[in-house]
Structures are given as C-alpha cells and as structure tokens.
Number of protein chains: 2
Amino acid sequence: MKIIIIEDNRDLVQVLAEGLSESGFIVDSAYDGEEGLDKVVKNEYECIILDIMLPKMDGYELIEKIREAGKDTPILVLTAKDSIEDRVKGLEAGADDYLVKPFDFRELLARINALIRRHTEHKRPILQCGPLVLDPIARECKVDDEIIPLRKREFDILELLMRYENQVFSRERIIAHVWKKEYDGTSNVVDVHIKYLRDKLRPYNLEGIVATVRGVGYKISCPYRQ
Amino acid sequence: MKIIIIEDNRDLVQVLAEGLSESGFIVDSAYDGEEGLDKVVKNEYECIILDIMLPKMDGYELIEKIREAGKDTPILVLTAKDSIEDRVKGLEAGADDYLVKPFDFRELLARINALIRRHTEHKRPILQCGPLVLDPIARECKVDDEIIPLRKREFDILELLMRYENQVFSRERIIAHVWKKEYDGTSNVVDVHIKYLRDKLRPYNLEGIVATVRGVGYKISCPYRQ
DNA sequence: ATGAATGTTACGATTAATTGAAATACAAAA
DNA sequence: TTTTGTATTTCAATTAATCGTAACATTCAT
C-alpha cells in the first residue's frame with residue numbers, strides 16, 4: 001500500500017508519514033506541486049494526499065494535471081480553507097475527498113482507507129491470465145503496464161478466449177461470437193488473426209498463452225495456474 | 001437465466017429489475033428475508049442479489065440459512081454499510097461478492113455475470129476415474145494435476161468410455177460415436193488408438209484402466225470402485 | 001498346439017495449422 | 001468526393017501433426 005503526501009510543511013509531512021507508516025502504509029512525499037506531479041506520474045500510489053496551497057503549482061492545477069495524465073488514483077485534499085467554494089473547486093477539479101486542517105489523525109486514516117477501498121471496489125472487471133491483462137471496457141491489453149495495441153478482431157477474439165479461460169473454442173464458435181454470422185467452413189480468418197495475436201504476444205514470451213487444440217479449436221492456457 | 005433480488009426498497013428493486021431484464025435476465029424479487037429464503041429454496045436461481053438490512057431476517061442470517069439449505073447459488077450482497085467489519089461478516093457468512101451503495105449499474109451487471117460464470121465454470125462436467133480426470137470443455141486429461149496430452153481420436157475415445165464407466169463398448173459403437181460413420185468390419189483403428197492411450201497412461205500406472213473384454217470390446221475399469 | 005482375437009509397429013497418406021503475400025474492404029483525412 | 005493509410009480477408013504454399021492401413025507379433029481359450 002504505497003501512498004504519497006504532497007505538502008510543503010515539512011513538519012506536518014514528518015508527523016503524518018510516521019503515523020501512516022505505523023498503520024502499514026509505505027509513505028512517499030513531495031514538497032511542491034511539480035515534484036508531486038512528477039512522482040505521481042512515475043509511480044503507482046493507492047492514494048494521494050495533497051495540500052491546496054503548494055509552491056510552484058497549486059493543488060487544483062496539480063489535480064487537473066494528474067487526471068489529464070490518466071491517473072484515477074483517489075485524491076484526498078488537505079486544506080486550511082474551509083469555505084464551500086474551495087470544497088467545490090477541489091472536488092470539481094477531480095479530488096475524491098476533503099479534510100480541513102486541523103484534523104484528527106484517526107479521521108485522516110479512516111478516510112484514506114475508505115477512499116482506497118471504494119476505489120478498488122469500483123474498479124471495473126478485468127480479465128487476467130498470468131501477466132496478460134485485458135480491460136474490456138477500456139479495450140486495453142496490457143502486460144506489466146505496457147499496452148499492446150490490438151486491432152478490433154484481435155481484441156474480440158482474445159476477450160472471448162480470456163473470458164472463458166482454458167475452454168476450447170471451435171472456429172465456428174469464434175466466428176459466431178466475434179463476427180456474429182455463421183461459419184461457411186472454408187475461411188481461415190480465425191487462424192490468421194490468431195497468428196497476428198501470437199505475433200504481438202511473442203515479444204513478451206506469451207505466444208504460448210494462445211494454444212491450439214488440434215482438430216478442435218483454440219483456447220487460452222494460463223501458465224501460472226492450472 | 002433466472003435471478004432474484006431480495007431488497008426492501010421497492011423503488012430500487014423496480015429499477016434494477018428493469019435494467020437486468022433488458023440485459024436478458026428473468027428477474028424475481030422478495031421484499032423481506034423470510035420471503036427471500038422461501039423463494040430461494042423453492043426455485044433455481046443463477047444468482048442471488050440481496051441487501052444486508054432486511055425486514056424479518058437480516059442478510060447475514062439469510063445467507064447462512066441459504067447455505068444450510070444446501071444451495072450454493074452465488075450471492076452478491078448490496079449494502080450501504082461501508083466498513084471492513086461488515087464486508088468480512090458478509091463474506092464469512094458465505095456471500096461471494098459485495099457491492100457498496102451507491103453503485104454503478106454496469107458494475108452490478110458485470111459482477112453478476114462474473115459470479116454466474118465462475119459458478120457455472122466451477123460446475124463444469126468433469127469425468128473422473130480414480131486419479132484420472134477428464135475435462136471435456138477444456139479438453140484436458142490430467143492425473144494429479146499433470147496434463148497428459150492426448151490427440152483428438154485418443155481423447156474422444158477416452159471421453160466416450162469414461163462417460164459410461166465400466167460399460168463395454170464394441171468397436172462398432174466406438175467407430176459410430178467417434179468417427180460418426182459405420183464400421184466396415186475389417187479395420188483395427190480402434191485397437192491402434194487404444195494402444196496409444198495405454199502407452200500414454202502407463203507412466204502413471206493407469207494402463208489397466210482401459211480394459212479389454214475379449215470378444216466384445218473395451219471399457220474403463222476404475223480401480224478404486226468396481 | 002492351434003486358431004481366433006488382440007497387440008504392436010512402421011510408414012505413407014491425409015488432414016490440419018501456419019505462414020506470407022496479395023487483394024479487398026473500410027475509415028479517416030484532404 | 002477522392003485519396004491515403006490501415007485493417008481485414010482471401011488464397012496459395014509450406015510445414016507439422018495425426019491418422020489409417022497392413023503386416024507381423026503376441027496372447028488367450030480350448
């Protein structure tokens with residue numbers, strides 16, 4: 001559980017980091033907006049805690065930049081300001097929760113936990129097979145956070161196979177599902193797209209994940225659990 | 001695909017039922033714990049969606065009663081409560097997944113589908129004979145989690161014999177089932193493939209599982225129950 | 001011991017899968 | 001609209017795996 005505190009008051013960072021470490025978090029920190037953005041983009045945090053008043057780049061701008069970078073990590077804003085406008089401004093910018101200074105440490109902890117929980121709970125269904133990850137909603141195929149660009153047909157076939165891991169699919173069934181038409185029994189389109197898929201997975205040593213069942217069809221065979 | 005929603009908020013039930021019907025489910029409902037238990041026991045649902053806060057019998061108790069009644073239907077719990085204790089309590093009682101209100105309908109749908117899939121996958125028909133296991137959907141033959149690669153003909157013959165364990169099959173019947181043609185009365189193909197099968201099973205001391213019935217045909221004879 | 005039934009083996013035939021390249025379809029940009 | 005680039009499909013050639021046959025060996029029952 002890695003989190004980051006972006007706050008220019010070093011004493012406060014020190015105190016929070018100690019408390020949160022004791023609660024089992026690995027705590028990173030940044031003392032201005034630019035440093036914060038840099039770390040957030042380059043790392044995977046479970047939660048971001050940030051102050052609105054920051055040197056170099058203020059909190060609102062920072063939140064916007066984080067979201068623009070495609071990060072949906074939950075953000076908890078700490079601030080001395082306690083006006084409704086500030087709250088709204090922060091939440092509109094893309095923050096997930098708000099805490100006004102001075103605050104109770106236990107409350108901070110509770111909110112961080114709630115944010116993290118909500119975030120992981122609301123994560124969309126992801127198909128996974130060893131290091132191969134498929135997000136059907138974002139239509140993204142990843143290996144170790146590296147995106148493998150797939151074309152429509154390739155993606156649809158892989159999704160079908162991964163959705164029913166280890167089940168054998170005949171060419172007929174694949175054609176029926178992906179093309180939504182009947183198989184005339186002659187074309188080898190499926191085979192060709194399977195080849196394209198394997199070509200794209202080969203650089204990651206995942207060629208064998210798409211297995212041929214001779215005389216029957218194809219299936220996904222996950223190496224790390226069978 | 002019949003599912004049931006057990007929830008006392010009738011408006012919510014109405015909304016969910018509409019959405020799920022559109023997604024192809026047949027939706028039943030109950031407005032309190034007792035009614036829910038009654039319907040669950042008397043019907044066959046693919047999935048149960050229930051609220052923790054219910055009149056007459058709370059969700060935890062209901063889950064326990066459902067499991068006591070021998071139903072292993074997947075249960076998805078809906079709740080406004082968002083504390084770790086509640087999650088743990090629900091999951092310990094025998095729920096399969098959890099969703100905190102307010103939730104996104106698409107996520108509910110995705111989770112229901114995931115649950116049903118996991119459940120039906122789990123209930124995949126598996127043929128077993130002592131240590132020999134055959135999964136016709138994955139087309140896998142295993143002994144103690146070790147896969148024995150079989151070719152099409154070998155697999156098809158073994159599947160036929162294992163499906164009707166201990167029943168003798170003549171060459172005619174085997175040819176008819178596996179080759180889907182008539183037996184001309186001269187070929188020894190079946191014998192040859194039976195040999196191949198035995199060769200592959202021999203390293204696991206399972207050669208004798210494929211037994212010859214002289215003058216009649218072949219059968220599977222399970223060593224540990226005859 | 002003998003013949004019928006079954007088991008074994010090797011090899012050519014056959015079928016299935018993979019690949020590369022070219023043709024076609026499709027969609028975005030000019 | 002035409003152009004242009006990309007995606008998809010088809011076709012043919014190659015490679016690989018499986019299958020079936022037939023000849024021969026072995027076993028079993030009498």
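What's counted below: heavy atoms across the whole structure, side chains too, no hydrogens, waters or symmetry copies. Each chain gets a letter, A, B and so on, in the order the sequences are listed, and its residues count up from 1. Remember, it's a predicted structure, so these values are computed and weren't measured experimentally.
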Quiz item: Does K200(B) reach the main-chain N or O of P149(B) with its side chain, forming a donor-acceptor pair under 3.5 Å?
Solution: yes
Quiz item: Taking atom P of dA28(C) as reference, at what distance in whole Å does atom NZ of K152(A) sit?
Solution: 13 Å
Quiz prompt | Pair D156(A) + K152(A): basic N to acidic O under 4.0 Å | solution = yes
Self-check item: Pair D191(B) + R171(B): basic N to acidic O under 4.0 Å
Solution: yes
Exercise. Can you tell me which residue pairs pass the salt bridge (Lys or Arg N to Asp or Glu O under 4.0 Å) test with a partner in residues 125-134 of chain B, sequence neighbours excluded?
Key: none
Self-check item: Pairwise side-chain contact, N43(B) with K2(B), heavy-atom cut-off 4.5 Å (strictly under)
Solution: yes
Quiz item: Are K219(A) and E140(B) ion-paired here, with the side-chain N under 4.0 Å from a carboxylate O?
Solution: yes
Exercise. Give a yes or no on whether the backbone of I49(A) and the side-chain of Y45(A) come within a donor-acceptor separation of less than 3.5 Å.
Key: no
Quiz prompt | Under 4.0 Å protein heavy-atom contact, by nucleotide of nucleotides 11-24 of chain C - B base, S sugar-phosphate only | solution = -----BSBBS----
Self-check item: For chain B, the stretch of DNA chain D it reaches, first to last nucleotide, under 4.0 Å of its heavy atoms
Solution: dT18(D) to dC28(D)
Quiz item: Testing Q128(A), E159(A), R163(A) for side chain to side chain contact (heavy atoms under 4.5 Å, CB included) with L134(A), which one passes?
Solution: E159(A)
